[in-house]
Amino acid sequence: MGANNLTVLGSTGSIGVSTLDVIRSHPQRFQVFALGANLQVDRMFEQCIEFTPQYAVLRDHAAANTLKQRLNDAGSSTEVLAGDEGLIDIAGATDSHTVMAAIVGSAGLDATLSAVRAGKRVLLANKESLVMSGKLFTDAVNVSGAELLPIDSEHNAIFQCLPHDFSSLSSAGIRRILLTGSGGPFRETPLEELASKTPDQACSHPNWSMGRKISVDSATMMNKGLEFIEACWLFKAQPKDIEVVIHPQSIVHSMVEYLDGSVLAQMGMPDMRTPIANCLGWPERIETKVPSLDFYQLGRLDFSAPDYQRFPALRLSMHAMESALDYPVALNAANEIAVDAFLSETICFTQIAEIIEETLNNWQSSEPDSLEAVKDSDLRARQYAAQRVNKRKLQ
Ligand code: NAD
Ligand code: MG
């Protein structure tokens with residue numbers, strides 16, 4: 001098993017591209033074993049030519065065929081696979097040591113779990129998979145001995161502020177976790193204007209450049225809600241142990257407060273290459289092209305409490321975690337349907353949270369004790385949320 005043989009799931013996306021950018025600066029240290037994505041042939045072709053992976057997978061079969069043809073014509077030796085099975089196979093393949101799990105949304109669940117079950121070092125960007133299957137996921141980590149390292153900037157910050165031998169909040173002497181969030185592009189927008197915000201406006205995040213789904217999640221603060229749930233699972237925390245703090249500059253990426261009153265914060269430029277490099281190099285530090293923080297330029301950092309009237313999705317997420325069972329599955333599924341509908345301009349911005357709330361209010365909960373049960377809840381919630389979208393479409 002090559003120590004630095006890497007698989008990047010979601011290689012054509014924002015996190016995937018940033019991951020390959022870090023790897024590009026360390027050619028002696030990392031070798032790309034496999035790349036996986038949905039259907040972006042051009043970008044995947046370029047990545048295969050540059051990083052010469054043993055395997056490239058596109059979920060879409062027609063796109064995979066086109067890629068295969070183009071790589072053949074270019075004399076590449078990369079083998080092309082297709083479909084969800086291909087993604088699951090490269091995630092669990094014995095020849096790779098580390099898997100970057102950066103497929104967006106519930107689509108990443110199977111491949112991420114495959115890497116976890118195979119006992120890999122899993123660099124977790126795909127927060128939705130942990131939100132959906134928290135208990136199953138963490139049980140699988142314990143059984144396989146997989147090493148789970150958080151890529152999400154907040155969770156990576158918390159991880160960096162914990163002792164290396166962390167096993168629980170109480171044994172580490174931790175009073176609370178402070179999860180920071182910028183408040184997104186609509187933090188100060190008059191409430192009555194929110195309904196008319198367009199997908200492009202929602203995707204114009206003031207500090208971070210990200211994929212469209214997580215950008216919309218940041219505008220509704222559903223992203224912070226999903227991260228709240230993610231933090232509960234990653235750090236064995238109860239909802240009461242985590243406080244969300246609005247911090248518009250995105251310089252403090254999160255904090256840990258200890259019993260003696262000490263608060264440790266991790267800071268840096270809002271650039272995902274920092275947490276990615278932290279996990280890729282762990283436990284060593286490796287160089288990135290991320291510029292130094294200029295404190296003279298920054299001048300000040302601001303903090304405030306979240307406004308739940310403005311960001312109902314955040315409150316709904318906290319309730320879903322407190323309600324446990326498969327409420328987080330329903331929350332995530334309804335959000336994915338609502339965000340898709342908003343991005344295709346079928347519903348308006350404020351209807352995203354309405355659809356999630358209606359789905360949760362009408363949810364018949366069950367115990368998500370198997371992958372099948374999780375997928376069943378996911379499908380049920382999608383169907384319900386899609387009905388609510390259709391009802392609005394017809395109005
Ligand atoms: P993105 O939309 O830019 O990229 C998504 C990637 O997933 C692409 O490579 C795409 O091909 C692939 N993909 C989409 N659907 C797929 C499917 N059905 N099967 C296989 N592959 C599929 O998204 P992103 O911003 O890179 O986010 C990826 C994940 O990382 C998300 O879970 C997000 O919440 C998380 N994350 C992102 C950031 C960020 O700064 N972008 C920060 C923290 C966490
Ligand atoms: Mg984050």
Side-chain angles (χ1 to χ4, degrees), residues 7-21 34-44 46-47 56-61 63-64 67 81-91 100-112 114 122-132 149-159 179-184 203 205 207-218 221-231 234 244 247 250 252-254 266 268-276 278-279 332 335-336 339-340 343:
T7 292
V8 183
L9 303 171
S11 66
T12 58
S14 166
I15 293 287
V17 167
S18 294
T19 303
L20 292 174
D21 190 50
L35 297 173
N38 192 13
L39 41 65
Q40 300 84 337
V41 175
D42 289 345
R43 189 168 270 180
M44 181 59 100
E46 285 163 21
Q47 293 180 341
V57 184
L58 287 176
R59 189 197 55 86
D60 184 87
H61 286 260
L67 178 70
L81 306 175
D84 289 323
E85 313 72 42
L87 293 164
I88 291 168
D89 286 350
I90 58 166
M100 164 59 78
I103 292 174
V104 62
S106 54
L109 178 64
D110 285 326
T112 306
S114 164
V122 180
L123 314 190
L124 185 71
N126 176 226
K127 64 192 88 184
E128 296 91 345
S129 59
L130 186 56
V131 167
M132 290 173 76
L149 299 179
I151 289 293
D152 217 340
S153 58
E154 296 76 4
H155 306 75
N156 184 263
I158 295 161
F159 172 67
L179 186 68
T180 55
S182 69
C203 290
H205 196 282
N207 307 330
W208 298 95
S209 156
M210 309 180 284
R212 281 172 86 73
K213 190 262 178 184
I214 183 176
S215 295
V216 176
D217 286 351
S218 298
M221 281 198 85
M222 170 53 86
N223 183 48
K224 210 51 52 189
L226 297 175
E227 291 182 357
F228 182 90
I229 299 172
E230 183 185 11
L234 281 175
V244 173
H247 166 47
S250 301
V252 172
H253 298 304
S254 277
Q266 187 266 353
M269 293 292 284
D271 188 320
M272 288 307 293
R273 289 175 300 180
T274 295
I276 289 169
N278 177 255
C279 294
N332 181 67
N335 180 55
E336 288 190 14
V339 170
D340 269 352
L343 284 172

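Every number for a ligand or one of its atoms is a count from 1 in the order of the listing.
- Applying the salt bridge (charged side-chain N to carboxylate O under 4.0 Å, His left out) criterion to Asp42, with sequence neighbours excluded, gives Arg70.
- Among protein heavy atoms, the minimum distance from atom 2 (O) of ligand 1 is reached at Gly211 CA, 3.9 Å.
- Atom 28 (C) of ligand 1 has its closest protein heavy atom at Ala102 O, 3.4 Å.
- For the ligand labelled ligand 1, residue Lys213 lies outside the 4.0 Å heavy-atom shell.
- Summary of contacts: the protein heavy atom closest to atom 5 (C) of ligand 1 is Val104 CG1, 3.6 Å.
- Residue Asn38 has at least one nitrogen or oxygen atom sitting less than 3.5 Å from a nitrogen or oxygen atom of ligand 1, judged on distance alone.
- A salt bridge between Glu46 and Arg43 is absent, with no side-chain N of the basic residue lying under 4.0 Å from a carboxylate O of the acidic one.
- No other N/O/S atom of Glu227 lies as close to the Mg ion (ligand 2) as OE2 does.
- Below 4.0 Å from some heavy atom of Ile214 lie the following atoms of ligand 1, by number and element: 25 (O), 33 (C), 34 (O), 36 (N), 37 (C), 38 (C), 42 (C), 43 (C), 44 (C).
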**Study point:** Pair Val244-Glu227, side chain to side chain contact (heavy atoms under 4.5 Å, CB included): steps then yes or no
**Key:** CA-CA 10 Å; Val244 173; Glu227 291 182 357; over 6 Å; no
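- Not a single heavy atom of Gly16 lies less than 4.0 angstrom from ligand 1.
- Residue Ile15 has at least one heavy-atom neighbour below 4.0 Å for each of these atoms of ligand 1: 26 (O), 30 (O), 37 (C), 38 (C), 39 (C), 40 (O), 41 (N), 42 (C).
- Atoms of ligand 1 lying under 4.0 Å from at least one heavy atom of Gly10, given by number and element, are 6 (C), 7 (O), 9 (O).
- Residue Met210 touches ligand 1 through backbone and side chain together, judged by heavy-atom distances below 4.0 Å.
- Considering backbone and side-chain N/O of Asp84, none are found under 3.5 Å from N/O of ligand 1.
- In this comparison of Ala107, Ser153, Ser14, Ala63, the heavy atom closest to atom 18 (N) of ligand 1 sits on Ala107.
- Of the options Ile88, Ile15, Thr19, Ile103, a side chain to side chain contact (heavy atoms under 4.5 Å, CB included) to Leu9 is made by Ile103 and by none of the others.
- Nearest protein heavy-atom neighbour of atom 29 (C) of ligand 1: Ile103 O, 3.8 Å.
- The Mg ion (ligand 2) forms the vertex of an angle spanning OD1 of Asp152 and OE1 of Glu154; to the nearest 10 degrees it equals 100°.
- Counting protein heavy atoms only, atom 34 (O) of ligand 1 is closest to Lys127 CE, 3.1 Å.
- Numbered from 1 in the order shown, with element, the atoms of ligand 1 that lie under 4.0 Å from a heavy atom of Asn126 read 32 (O).
- Closest approach of His205 to Ser218, counting heavy atoms only: CD2-CB, 3.7 Å.
- Regarding atom 32 (O) of ligand 1, its nearest protein heavy-atom neighbour is Glu128 OE1, 2.7 Å.
- Side-chain atoms of His253 and Asn156, non-hydrogen and from C-beta on, never get closer than 4.5 Å to each other.
- The existence of a salt bridge linking Lys127 and Glu154 is excluded, since no basic side-chain nitrogen approaches an acidic carboxylate oxygen closer than 4.0 Å.
- Atom 20 (C) of ligand 1 has its closest protein heavy atom at Leu87 CD1, 3.5 Å.
- Between the choices Met44, Arg59, Glu230, Arg43, the shortest heavy-atom distance to atom 17 (C) of ligand 1 belongs to Arg59.
- Proximity of Met222 to Val339: side-chain heavy atoms (C-beta onward) are nowhere separated by under 4.5 Å.
- Per-residue contacts place Gly13 under 4.0 angstrom from the following atoms of ligand 1 (heavy atoms of the residue considered): 1 (P), 3 (O), 4 (O), 8 (C), 9 (O), 26 (O).
- In this structure the side chain of Glu85 never reaches within 4.5 angstrom of the side chain of Val57, judged on heavy atoms.
- Proximity of Leu179 to Ile158: side-chain heavy atoms (C-beta onward) are separated by under 4.5 Å at one or more points.
- Here the closest heavy-atom approach between residue His247 and residue Val252 is recorded as NE2-N, 3.0 Å.
- For the pair Phe159/Gln266, no side-chain contact is recorded, criterion being any heavy-atom separation below 4.5 Å from C-beta on.
- On a distance-only criterion, Asp152 and ligand 1 share no N/O pair closer than 3.5 Å.
- Distance from atom 35 (C) of ligand 1 to its nearest protein heavy atom, with residue and atom name: Ala125 O, 3.1 Å.
- At a threshold of 4.5 Å between non-hydrogen side-chain atoms, the residues Ile151 and Met272 count as touching.
- A heavy-atom distance below 4.5 Å is found between the side chains of Asn335 and Asp217.
- Residues Met269 and Thr274 form no side-chain contact, since every pair of their non-hydrogen atoms from C-beta on lies 4.5 Å or further apart.
- Atoms of ligand 1 found under 4.0 Å from any heavy atom of Thr12 (numbered from 1 in listed order, with element): 8 (C), 9 (O), 10 (C), 11 (O).
- Short contacts between ligand 1 and Gln40, defined as distances under 4.0 Å to a heavy atom of the residue, involve ligand atoms 10 (C), 11 (O).
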